[in-house]
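The block underneath contains the structure these notes are about, expressed in C-alpha cells.
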Amino acid sequence: MARSRPRKRPLMDDQLTLLRERGERLRQAAQSIGITHAAKAAGVPYTTLRDYMGGSEMKLSAVASLARVCGVSLDWLAFGVGDASITASHAAGSSEPPTRGGHQTVIPWIDDRDEGLRVSKAWLEATVARETTGLRLISVTGDAMTPTLREGDLAMIDTASVTVQGGAVFALRVEGNILIRRLERRLGGGIRALADHDRYPPQDLSPDEAQALTLLGEVIWSGGPLVS
C-alpha cells in the first residue's frame, strides 16, 4: 500500500492575519513608488509581488530588498513595529510627517521612452556611492553578458563615467543599437571588448576605433528575476 505524503500544516488564523497585515503594509509602500517599479528595483517578479501583497508568505531576503527600494523601515514592513519612514528627518525625531513623493526620485531611461524608475532617495544613496544626476536606465538584451547580466534585466548606467579602466562594464551604442561589454584598456591606446559568456570571442579595437567608440556610460547596478 502506497504511503500518503504528509500534508502541509495549514496556517493558523493569527498567522494568516499577520500575513494579510504585512501584505497591506507592502501594498502601501509599493504603491508609493509604483508597484511595477518596486518589483523591478527589488528584483522580485511582478506576479510574486502581487502574491505577497495578497498575504502570501514572504522570504526575508525579499522583505529586506523591498523595504530598501520603497524607503521604509524593515521592522515596520516585516512586523509593523515603529514608523514606516527611515528618512533622516524622522531619525532625528522630526514631528513632521514625510511628504508623499518628497523622498523619491526618478531615474530616466536612456532614450526617454517613458517615466523611468521611481525609487526612494534613501535606497539610491545607499546603493550608488556616486553623483546620481547622470544615472540612466537600459534594458539588457541578448546573452553576451551572462551570467553577470541576463536577458530582460534592468541595468543602471552612469553617463558621467566614460573612462575605460579596470575592466568595468559599459553600455555602448553601435550602429544604433545598445551593446553591453566589459572593456579593458590595451597598451598603445586600443581597447579590448569582452563578453562574459564564453561563446562570444573578445574583440580588439585599434586606437582609432577606440577613439570613435560611443560610450553611453558605465553599468553600475542591475536587477532582475532571481535565478534558482
Side-chain angles (χ1 to χ4, degrees), residues 29-46 49 61-74 76-77 84-92 98-141 145-173 178-185 196 214-227:
Q31 285 179 340
S32 71
I33 66 170
I35 294 173
T36 301
H37 293 327
K40 287 181 178 180
V44 175
Y46 180 82
L49 178 55
S61 58
V63 180
S65 295
L66 288 162
R68 285 196 303 270
V69 166
C70 298
V72 298
S73 161
L74 176 58
W76 174 82
L77 182 58
S85 175
I86 58 171
T87 62
S89 62
H90 275 58
T99 303
R100 183 179 178 85
H103 302 295
Q104 300 167 13
T105 188
V106 175
I107 305 171
W109 289 91
I110 190 70
D111 54 6
D112 295 321
R113 58 179 136 174
D114 59 26
E115 177 193 5
L117 179 66
R118 187 178 296 276
V119 299
S120 76
K121 292 179 181 178
W123 174 83
L124 188 61
E125 290 170 1
T127 303
V128 180
R130 60 179 72 197
E131 174 59 47
T132 61
T133 55
L135 300 183
R136 295 295 184 272
L137 299 175
I138 60 173
S139 292
V140 177
T141 58
M145 293 305 293
T146 304
T148 306
L149 300 169
R150 299 178 182 275
E151 173 91 30
D153 278 358
L154 183 70
M156 188 188 304
I157 66 172
D158 181 2
T159 59
S161 179
V162 291
T163 301
V164 177
Q165 57 183 357
V169 178
F170 286 88
L172 325 168
R173 193 178 294 280
I178 295 178
L179 300 181
I180 301 177
R181 292 293 187 273
R182 194 177 300 278
L183 301 182
E184 295 179 349
R185 181 72 65 182
D196 284 2
T214 302
L215 298 183
L216 298 178
E218 180 186 355
V219 178
I220 60 172
W221 178 91
S222 67
L226 296 178
V227 178

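Worth knowing before you read on, the calculation uses all heavy atoms, side chains too, and leaves out hydrogens, waters and symmetry mates.
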### Query
Does the side chain of Thr148 come under 3.5 Å of the side chain of Asp196 through a donor N or O and an acceptor N or O?
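There is such a pair (donor and acceptor under 3.5 Å, judged by atom type) between the side chains of Thr148 and Asp196.
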#### Entry: Exercise: do Thr163 and Gln165 side chains pair donor with acceptor under 3.5 Å
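Looking only at side-chain atoms, Gln165 and Thr163 do not form any donor-acceptor pair under 3.5 Å.
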Nearest 0.5 Å, please: how far is [atom2] in [Y] from [atom1] in [X]?
{"X": "Leu74", "Y": "Ser65", "atom1": "CG", "atom2": "OG", "result": "10.0 Å"}
{"X": "Leu49", "Y": "Lys40", "atom1": "CG", "atom2": "NZ", "result": "13.0 Å"}
{"X": "Leu137", "Y": "Asp111", "atom1": "CG", "atom2": "CG", "result": "10.0 Å"}
{"X": "Asp158", "Y": "Arg130", "atom1": "CG", "atom2": "CZ", "result": "4.5 Å"}
{"X": "Ile33", "Y": "Thr105", "atom1": "CD1", "atom2": "OG1", "result": "12.0 Å"}
{"X": "Ile180", "Y": "Phe170", "atom1": "CD1", "atom2": "CZ", "result": "12.0 Å"}

Answer whether the closest heavy-atom distance between the side chains of [X] and [Y] falls below 4.5 Å.
{"X": "Leu172", "Y": "Leu183", "result": "yes"}
{"X": "Val119", "Y": "Met156", "result": "no"}
{"X": "Trp221", "Y": "Leu154", "result": "yes"}

### Task
Go through the steps to decide whether Leu135 and Ile220 satisfy the test side chain to side chain contact (heavy atoms under 4.5 Å, CB included), and finish with yes or no.
CA-CA 9 Å; Leu135 300 183; Ile220 60 172; 3.5 Å; yes
#### Entry: Exam field: side chain Arg68 to backbone Trp123, donor-acceptor pair closer than 3.5 Å
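No; zero donor-acceptor contacts below 3.5 Å.
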If I compare all heavy atoms of [X] with all of [Y], which pair ends up nearest, and what's the gap?
{"X": "Thr159", "Y": "Arg136", "value": "CG2-CG, 3.7 Å"}
{"X": "Ile138", "Y": "Ala171", "value": "CD1-CB, 3.8 Å"}
{"X": "Glu218", "Y": "Ser161", "value": "OE1-OG, 2.7 Å"}
{"X": "Ala38", "Y": "Leu66", "value": "O-CD2, 4.1 Å"}

### Task
Go through the steps for Val140 and Met145 under the test side chain to side chain contact (heavy atoms under 4.5 Å, CB included), then give the verdict.
CA-CA 9 Å; Val140 177; Met145 293 305 293; 5.7 Å; no
